[in-house]
Amino acid sequence: MYFQQYWRDKRLAYSGIPLNLTLDNRVADQLWVPDTYFLNDKKSFVHGVTVKNRMIRLHPDGTVLYGLRITTTAACMMDLRRYPLDEQNCTLEIESYGYTTDDIQFYWRGGNDAVTGVHKIELPQFSIVEYRLVSRNVVFATGAYPRLSLSFRLKRNIGYFILQTYMPSILITILSWVSFWINYDASAARVALGITTVLTMTTINTHLRETLPKIPYVKAIDLYLMGCFVFVFLALLEYAFVNYIFFGRGPQMQKKLAEKATKGNNGRHKYEGNRVDAHGNILLSALEIHNEVTATEVTTSVTESRNSVMSFDNSGIQYRKQSTAREGLGRSTLDRNAAQAKKNRLRRRSSQLKIKIPNLTDVNAIDRWSRIVFPVIFSLFNLIYWLYYVN
């Protein structure tokens with residue numbers, strides 16, 4: 001920038017020549033100049049190619065114009081809670097280092113038009129919304145000093161972050177939902193896709209933190225990236241849930257039920273084997289005799305009474321000796337009854353398995369619901385985020 005200062009030194013007034021005199025820059029070392037410095041300066045220098053860029057112009061009434069071509073880097077305290085959708089106020093503070101207000105006074109020459117060319121400045125990350133000039137005195141322990149301030153209101157350009165951060169994060173989040181359309185048994189494809197998207201989001205987060213100072217509070221872009229990371233991570237967990245439902249819990253329940261059924265069958269066969277004595281007699285209890293004599297079996301019992309001998313003992317157990325004439329028929333009847341009872345038991349077990357073990361339709365329903373729930377919630381998250389931070 002071109003930094004110009006005016007002051008009047010009556011000792012330098014001259015007459016007889018109605019012209020301004022432009023002096024060599026080395027004359028500035030022989031003149032009195034204000035001890036002006038930039039209060040929030042971090043690094044500044046005066047350009048020196050091909051000579052030191054200083055200008056001394058003397059007017060007949062003793063007014064001195066002292067111009068410098070300098071480059072300065074000024075510090076600006078920023079609040080990055082809304083980064084990168086933020087606006088910042090930065091100032092350039094100009095102050096006298098040693099002379100107090102008793103010796104010198106600072107003011108902007110030309111009022112609000114003292115600074116020109118601001119609207120032509122183009123910054124890579126910011127746009128200058130407005131600027132204002134302030135003149136005041138500040139008091140320190142050594143006295144009161146004059147201070148001039150040039151205040152800028154800067155608005156950060158969002159285009160760079162849309163292309164470099166927001167769009168990649170959105171696309172990676174959407175990419176993680178592709179696993180909902182992949183078949184449930186394609187474990188390699190779904191797991192690889194989920195882990196790849198999670199690692200990519202982690203890389204974006206790490207790269208962003210490296211370009212920003214270590215600040216203790218959460219920024220707006222941190223919230224967005226964390227939200228995208230949560231959606232990507234939940235998409236990976238969704239397949240873990242589907243895999244557990246179909247390949248984990250279902251087979252385990254089926255194995256337990258099969259073990260219970262096997263134990264029940266072994267006990268029943270053992271019990272039925274003990275009901276035949278050494279002479280081939282079938283042992284029937286009084287309750288079984290009562291259940292066996294039904295309306296359809298009364299006739300059979302009457303016709304078979306001639307060929308069978310029944311006797312009771314003191315324990316209430318009836319001994320029925322199978323006759324040779326009806327031996328084949330009775331055995332076939334028992335076989336049919338046993339087969340029918342076994343079929344009934346299998347039907348009951350199969351119905352229990354259908355209730356407790358999810359079938360393929362239930363697993364696909366989880367993916368179908370995820371295809372709807374994830375995009376809807378993510379769209380709602382974006383709507384709330386942008387409405388809050390943009391406005």
Side-chain angles (χ1 to χ4, degrees), residues 84-85 161-212 218-262 349-389:
L85 305 171
F161 300 95
I162 291 290
L163 297 176
Q164 297 294 325
T165 305
Y166 285 103
M167 285 301 298
S169 301
I170 293 173
L171 294 178
I172 292 171
T173 304
I174 295 175
L175 180 62
S176 67
W177 302 339
V178 175
S179 62
F180 302 151
W181 277 266
I182 300 177
N183 195 8
Y184 68 94
D185 58 353
S187 301
R190 295 188 68 164
V191 171
L193 180 61
I195 294 178
T196 301
T197 52
V198 169
L199 293 179
T200 305
M201 288 302 306
T202 304
T203 303
I204 294 177
N205 274 303
T206 303
H207 175 71
L208 181 65
R209 292 191 184 96
E210 291 176 352
T211 59
L212 291 175
V218 179
K219 303 178 291 296
I221 196 168
D222 292 335
L223 292 176
Y224 192 85
L225 292 179
M226 185 58 63
C228 293
F229 182 84
V230 169
F231 278 98
V232 170
F233 188 71
L234 289 178
L236 180 60
L237 290 184
E238 186 270 348
Y239 176 65
F241 179 70
V242 169
N243 190 58
Y244 171 73
I245 289 294
F246 190 79
F247 295 103
R249 189 182 69 176
Q252 290 177 3
M253 288 186 176
Q254 187 176 8
K255 183 178 180 181
K256 292 180 180 178
L257 292 175
E259 291 177 354
K260 291 181 180 179
T262 303
R349 289 171 192 156
S350 63
S351 63
Q352 293 176 355
L353 292 177
K354 289 180 181 178
I355 295 174
K356 295 183 178 180
I357 301 176
N359 53 25
L360 182 59
T361 305
D362 298 330
V363 176
N364 288 334
I366 299 176
D367 284 338
R368 286 198 303 269
W369 278 103
S370 299
R371 297 169 193 172
I372 300 174
V373 172
F374 274 77
V376 170
I377 297 179
F378 186 68
S379 300
L380 183 62
F381 167 73
N382 277 273
L383 180 64
I384 296 174
Y385 177 87
W386 292 105
L387 286 178
Y388 178 79
Y389 283 105

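Between the CE atom of M226 and the CG atom of L223 there is a distance of 8.5 Å, given to the nearest 0.5 Å. Atom CD1 of residue I182 and atom CG of residue D367 lie 10.0 Å apart, to the nearest 0.5 angstrom. Taken to the nearest 0.5 Å, the CG atom of L208 stands 11.0 Å off from the CD atom of Q164. Rounding to the nearest 0.5 Å places CG of N205 at 11.5 Å from OG1 of T200.
Judged by distance alone, the side chain of R190 and the main-chain N or O of Y239 form no donor-acceptor pair under 3.5 Å.
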* Audit row: L234, F374, side chain to side chain contact (heavy atoms under 4.5 Å, CB included) steps and yes/no -> CA-CA 9 Å; L234 289 178; F374 274 77; 3.8 Å; yes
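Between L163 and P168, the shortest heavy-atom contact is O-CD, 3.5 Å. Between I372 and V376 the shortest heavy-atom distance is O-CG2, 3.1 Å. Closest approach of E238 to I366, counting heavy atoms only: OE2-CG2, 3.5 Å. What you find for S179 and A235 is that their closest heavy atoms are OG-O, 4.5 Å. L225 approaches M201 most closely through the heavy-atom pair O-CE, 3.8 Å.
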List the atom pairs, donor and acceptor, that lie under 3.5 Å between side-chain atoms in residues 169-176 and the rest of the protein, sequence neighbours left out.
{"residue": "S169", "atom": "OG", "partner": "T165", "partner atom": "O", "Å": "2.7"}
{"residue": "T173", "atom": "OG1", "partner": "S169", "partner atom": "O", "Å": "2.8"}
{"residue": "S176", "atom": "OG", "partner": "T173", "partner atom": "O", "Å": "2.5"}

For residues 381-389, run the donor-acceptor check on the side chains, cut-off 3.5 Å, and write out each pair with its distance to 0.1 Å, sequence neighbours left out.
{"residue": "N382", "atom": "OD1", "partner": "Y224", "partner atom": "OH", "Å": "2.6"}
{"residue": "N382", "atom": "ND2", "partner": "F378", "partner atom": "O", "Å": "2.8"}
{"residue": "Y385", "atom": "OH", "partner": "Y166", "partner atom": "OH", "Å": "2.8"}
{"residue": "Y385", "atom": "OH", "partner": "A220", "partner atom": "O", "Å": "3.0"}

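Figure legend: R371 and W177 shown without cation-pi pairing, the cationic atom not lying both under 6.0 angstrom from the six-membered ring centre and within 45 degrees of its axis.
Counting non-hydrogen atoms of neighbouring residues, nucleotides and ligands closer than 6.0 angstrom, the CZ atom of F161 exceeds 12 such neighbours.
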